Amino acid sequence: MDEADLLVIGGGISGLALARMAGQVGWRTQLLEAGPALGGCMRTHRSERAPGFWLELGAHTCFNSYGHLLDLIGPEAPLQRLGRQRLPFRLWRDGKTASIVSQLEPLGFLGGALRMPFVRKRGRSVERYFGALAGTRNFRRVLGPALDAVACQPVSAFPAEYLFRRKPRRRGIPRSFTYEGGLQGVAETLGTTATVSVALCCRARALERRAGAFVVQSEQGTFSAPRLALAVPPQEAARLLRPIRPKLAMAIAAIGESEVESTAVVALAEAVRLPPIAGLIGREQPFYSVVSRDVVPAADYRGLTFHFRPGRLDEAEKLALIATVVGTSDLVDVAHARHRLPALQLGHGERIRAIEALRGNLPLALVGNWLEGLSLEDCAGRAVAEFEWMRRLGGA
């Protein structure tokens with residue numbers, strides 16, 4: 001049995017952030033990742049067919065308001081920050097693009113301006129809150145599809161308070177940026193530390209409690225530690241916790257999940273007829289969004305990532321639609337990914353507080369994008385808070 005001070009299950013941004021902090025204070029930390037690479041929703045496709053070219057299959061952007069994430073990466077990390085060019089987002093409908101402004105009704109915003117002082121986010125769904133500010137027709141025609149595109153899932157029923165939270169911005173850093181080689185480099189940097197051992201392709205099969213320790217049976221053996229962090233989707237967390245904390249597992253299992261199917265394509269720049277864009281919003285389309293690599297331009301290639309609604313199209317149908325949007329079926333490279341995302345509902349904050357109450361003083365950190373919000377910064381902030389809680393808890 002391999003023993004550590006902390007076991008972390010899940011190698012996305014949340015698990016990596018917590019593992020890095022634990023390593024920095026000297027805890028022997030073992031991270032188990034079920035997949036072949038670190039990153040989770042930070043997944044970069046580095047094309048072998050277009051040497052030197054990369055594009056994202058998951059998260060696309062960092063912002064200068066991501067203070068926790070920037071602190072975790074640190075100023076000495078061997079990562080070159082790249083500012084993103086300002087390009088427009090456009091709508092895609094009926095086989096063509098349209099500007100966002102052209103689809104809006106000004107009177108809807110006029111009514112929203114009058115209501116603004118009286119509309120609060122707390123306790124309102126995304127549709128009720130933003131519909132009140134922009135008008136019902138503007139929400140359904142433009143704003144709703146745009147918010148679905150951001151979250152890569154239907155968000156009308158989301159609690160509005162979990163979208164677009166204000167965070168302090170860091171001076172001297174571009175408002176939005178990425179890193180040379182893609183965001184997966186952040187995961188690789190966070191996972192490189194002498195006091196953190198990483199096991200890839202190592203799925204946790206079962207979890208037990210023995211003599212005050214967590215014992216994890218995995219595909220690469222048995223691991224044990226007095227502390228555990230679960231950085232996995234809610235249904236996976238519930239599966240692992242069911243034998244040792246069934247009420248806690250039941251509460252976590254009530255958190256909904258959705259899926260998104262992503263396809264990234266690379267084409268020669270001269271072959272793409274679509275003008276340079278930041279992305280496309282799908283209105284009444286099989287995809288939520290198309291995110292472009294144009295914001296970090298390359299001389300020879302262009303890349304676009306389509307985030308599809310699950311189960312709508314097979315691979316051939318996806319490629320046919322991509323050819324229509326891009327203007328060519330002559331693709332240099334194609335890559336696919338699937339991601340599980342939390343589907344938050346009204347009352348989510350109360351659910352998380354109930355989950356934390358059921359956890360009590362068990363030295364178990366719960367981190368991930370299903371707790372405080374979907375963004376990389378929400379994940380990093382939750383990891384910081386859970387690590388500090390676990391340190392205060394001590395060896396309980």
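Treat the numbers as computed from the prediction; the structure is a model and nothing was measured.
- Placement of Ile244 and Leu7 within a single hydrophobic cluster is found when ILVMFWY residues are connected by side-chain heavy-atom separations under 4.5 Å, directly or transitively.
- Checked for salt-bridge contact, Lys167 and Glu372 miss the test: no charged N lies under 4.0 Å from a carboxylate O.
- In terms of heavy atoms, Gly191 sits closest to Leu16 at CA-CD2, 3.8 Å.
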Problem set entry | Stepwise side-chain hydrogen bond (donor to acceptor under 3.5 Å, both in side chains) test for His68 and Glu377 | CA-CA 6 Å; His68 288 111; Glu377 176 64 5; 2.9 Å; yes

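- Put simply, CZ on Phe306 and OG on Ser262 are 11.5 Å apart, with the number rounded to the nearest 0.5 Å.
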* Begin with the C-alpha distance, continue with both residues' side-chain angles, and end with the deciding distance and a verdict on side-chain contact (heavy atoms from CB on, under 4.5 Å) for Arg90 and Ser99. => CA-CA 5 Å; Arg90 296 179 65 85; Ser99 72; 3.9 Å; yes

Discussion item. Phe139 vs Val126, test: side-chain contact (heavy atoms from CB on, under 4.5 Å). Steps then yes/no.
Written reply: CA-CA 10 Å; Phe139 181 86; Val126 163; 4.0 Å; yes

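- Lys318 has no carboxylate O lying under 4.0 Å from a charged side-chain N of Glu315, or vice versa, which leaves the two without a salt bridge.
- Put simply, CG on Leu57 and SG on Cys41 are 11.0 Å apart, with the number rounded to the nearest 0.5 Å.
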task: Take Val155 and Tyr288 through the side-chain contact (heavy atoms from CB on, under 4.5 Å) test and state the conclusion after the steps.
output: CA-CA 11 Å; Val155 297; Tyr288 295 110; over 6 Å; no

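- Taking 4.5 Å as the limit, some side-chain heavy atom of Thr97 sits within range of a side-chain heavy atom of Leu280.
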- Task: Take Arg309 and Gln285 through the side-chain contact (heavy atoms from CB on, under 4.5 Å) test and state the conclusion after the steps.
- Result: CA-CA 9 Å; Arg309 300 173 187 270; Gln285 295 297 314; 5.8 Å; no

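- Using a 4.0 Å cut-off between charged nitrogen and carboxylate oxygen, Glu356 and Arg382 count as a salt-bridge pair.
- Using modelled atom types, no side-chain atom of Glu33 and backbone atom of Val198 make a donor-acceptor pair closer than 3.5 Å.
- Between the side chains of Arg170 and Asn64, not a single donor N or O lies within less than 3.5 Å of an accepting N or O.
- Counting heavy atoms from C-beta outward, Arg391 and Met21 have side chains that stay 4.5 Å or more apart.
- The structure places CG of Leu18 at 8.0 Å from CD of Glu386, a figure rounded to the nearest 0.5 Å.
- Residue Asp378 holds its CG atom at 9.0 Å from CG of Asn369, rounded to the nearest 0.5 Å.
- Cation-pi geometry between Arg175 and Phe63 is not satisfied (NZ or CZ under 6.0 Å from the ring centre, within 45° of the ring normal).
- Summarising the hydrophobic clusters (Ile, Leu, Val, Met, Phe, Trp, Tyr; side-chain heavy atoms under 4.5 Å, direct or chained), the residues clustered with Val150 are none.
- Transitive grouping of hydrophobic side chains (ILVMFWY, heavy atoms separated by less than 4.5 Å) brings Met42 and Leu31 into a common cluster.
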For Arg93 and Gln103, run side-chain hydrogen bond (donor to acceptor under 3.5 Å, both in side chains): C-alpha distance rounded to whole Å, both residues' side-chain angles, the deciding distance at 0.1 Å, then the answer.
CA-CA 11 Å; Arg93 189 167 184 254; Gln103 303 297 300; 5.6 Å; no

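- Using a 4.0 Å cut-off between charged nitrogen and carboxylate oxygen, Arg122 and Glu161 count as a salt-bridge pair.
- Both Leu313 and Leu304 belong to a single network of hydrophobic side chains, linked directly or stepwise wherever heavy atoms of I, L, V, M, F, W or Y lie under 4.5 Å apart.
- Leu346 is not connected to Ile355 by any chain of hydrophobic side-chain contacts under 4.5 Å among Ile, Leu, Val, Met, Phe, Trp and Tyr, and they are in different clusters.
- Between Leu241 and Leu230 there is a side-chain heavy-atom pair separated by less than 4.5 Å.
- Judged purely by distance below 3.5 Å, without hydrogens or angles, the side chains of Gln235 and Arg340 never pair a donor atom with an acceptor atom.
- Hydrophobic clustering of Ile, Leu, Val, Met, Phe, Trp and Tyr side chains at less than 4.5 Å, counting indirect connections, unites Phe158 with Leu143.
- Counting side-chain heavy-atom gaps under 4.5 Å among Ile, Leu, Val, Met, Phe, Trp and Tyr, the cluster of Trp54 also holds Leu82, Leu87, Val295, Val296.
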